[in-house]
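Taking it in order: structure first as structure tokens, then the write-up.
Just so it is clear: chains get the letters A, B, ... in the order the sequence lines come, proteins before strands, and each one is counted from 1.
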There are 2 protein chains.
Amino acid sequence: MRKKTTEEYIEIICLLEKQEGRAQTGRIAEAINVKPPSVTEMLRKLEQKGLIVYESYAGATLTPVGEEMARDLLGRHRTFANLLELLGVEGETAETDACQFEHHVSPETLERLRLFLEFLSESPDGRGCLAAFKEFQRHER
Amino acid sequence: MRKKTTEEYIEIICLLEKQEGRAQTGRIAEAINVKPPSVTEMLRKLEQKGLIVYESYAGATLTPVGEEMARDLLGRHRTFANLLELLGVEGETAETDACQFEHHVSPETLERLRLFLEFLSESPDGRGCLAAFKEFQRHER
DNA sequence: ACCAAGATTTAGGTATACCTAAAAATGATC
DNA sequence: GATCATTTTTAGGTATACCTAAATCTTGGT
């Protein structure tokens, strides 16, 4: 499997803090499908970058900077996942793709997609648009 | 800068073949912002994978398999770039983001986006939808 | 046909994230 | 409070894509 990025580590640490109260080495390792020693190593680097506090044998805690990053990532993730689901992508797939896109999107594009999502889900015209798209797809087949 | 993937090499080789008749080491290196020796090394690997024929001191030529991959990538690229532009993302940015997304999208999502793009650009309802979105954005501000 | 200039490859080295196996720390149980 | 099972870290090693410097090939001008 591919090498994991800083962003992926930060996300999973955030998730574990929420779900389990703390982010332990072993749980992180499971979550991102990597062996524990690799996690220890990465946690040291994330600490150097000021994104987490790492306590030996205890685990990781996001710093304010890390939290900010996690919030940002989660926001990007939600934007993509919601948008894809609205367009009819199956839930599991939408999550998987969102997980990829969120790391590679420019601020400008993200903002535009956010707006489009808002348009689709919260305006009458947008909802009409989605209905029309559903109709369109039926005729495709 | 980030490490380059097989897909990025294949794309640029395809582009150079079209634009310049052949894909030379040095030109590839410039294009992906890497030094020539790194390209030589990668070309060997791409040849191993059956994606190109590599002739020492002459350059690379896509095999049918490589061409197929390039076509696929170009298609994905166009889908994303067109979609983003339709939604109002500025041209240069749309290209850059498409370049990222194209490597990370699942077949299912891609197909859905293709359909949505077709809907937006080729059906009256779709064009109406875009007009409504433009209107919506004006009110945002 | 030669030779210099330019391009490419070879040789050797770096950085990064991953791994396994072994050692050390933790903490639950008696 | 000692012991043992579990978790984590340490130590040492692999793979990959990148680099620089030096050697080699190719080619255009004479």
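Whole-Å rounding puts the B/R44 CZ to D/dC18 P distance at 15 Å. Taking atom NZ on A/K35 and atom C1' on C/dA21, their separation rounds to 13 Å, with Å as the unit.
Note on A/R27: nothing from the nucleic acid sits closer than 4.0 angstrom, heavy atoms only.
Take A/E135 and apply the side chain to side chain donor-acceptor pair (under 3.5 Å) test, not counting sequence neighbours, and it matches A/R138, A/H139. The side-chain contact (heavy atoms from CB on, under 4.5 Å) search around B/P37 returns B/K35, not counting sequence neighbours. Legend: residues meeting side chain to side chain donor-acceptor pair (under 3.5 Å) with B/T6, ordered by chain and number and at least two apart, are B/K49. A search for side chain to side chain donor-acceptor pair (under 3.5 Å) contacts involving A/E55 returns nothing, not counting sequence neighbours. Taking A/E8 as the reference, A/R2, A/K4, A/T5, A/H103 meet the side-chain contact (heavy atoms from CB on, under 4.5 Å) condition, with sequence neighbours excluded. Residues meeting the side chain to side chain donor-acceptor pair (under 3.5 Å) test with A/T93, sequence neighbours left out: A/E90, B/E108. B/R22 pairs by the side-chain contact (heavy atoms from CB on, under 4.5 Å) definition with B/Q24, not counting sequence neighbours. Every residue meeting the side-chain contact (heavy atoms from CB on, under 4.5 Å) condition with B/E41, not counting sequence neighbours, appears here in chain and number order: B/K45.
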Sort me out a list of protein N/O and nucleotides 21-26 of chain D N/O pairs below 3.5 Å, or just none if empty.
| from | atom 1 | to | atom 2 | distance (Å) |
| --- | --- | --- | --- | --- |
| D/dC25 | O4' | B/Y57 | OH | 3.4 |

Every protein N/O lying under 3.5 Å from an N/O of nucleotides 13-17 of chain C:
| from | atom 1 | to | atom 2 | distance (Å) |
| --- | --- | --- | --- | --- |
| C/dA17 | OP2 | A/K45 | NZ | 3.3 |

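Near DNA chain C, meaning a heavy atom under 4.0 Å away, the residues from residues 16-24 of chain B are B/Q24.
Comment: A/R78 engages A/E95 in a salt bridge, judged by a side-chain N to carboxylate O separation of less than 4.0 angstrom.
Counting only residues at least two apart or in different chains, side chain to side chain donor-acceptor pair (under 3.5 Å) contacts with residues 113-133 of chain A comprise A/T79-A/R114.
Both A/L43 and B/N33 lie near DNA chain D, and the one whose nearest nucleotide falls closer to the 5' end is A/L43.
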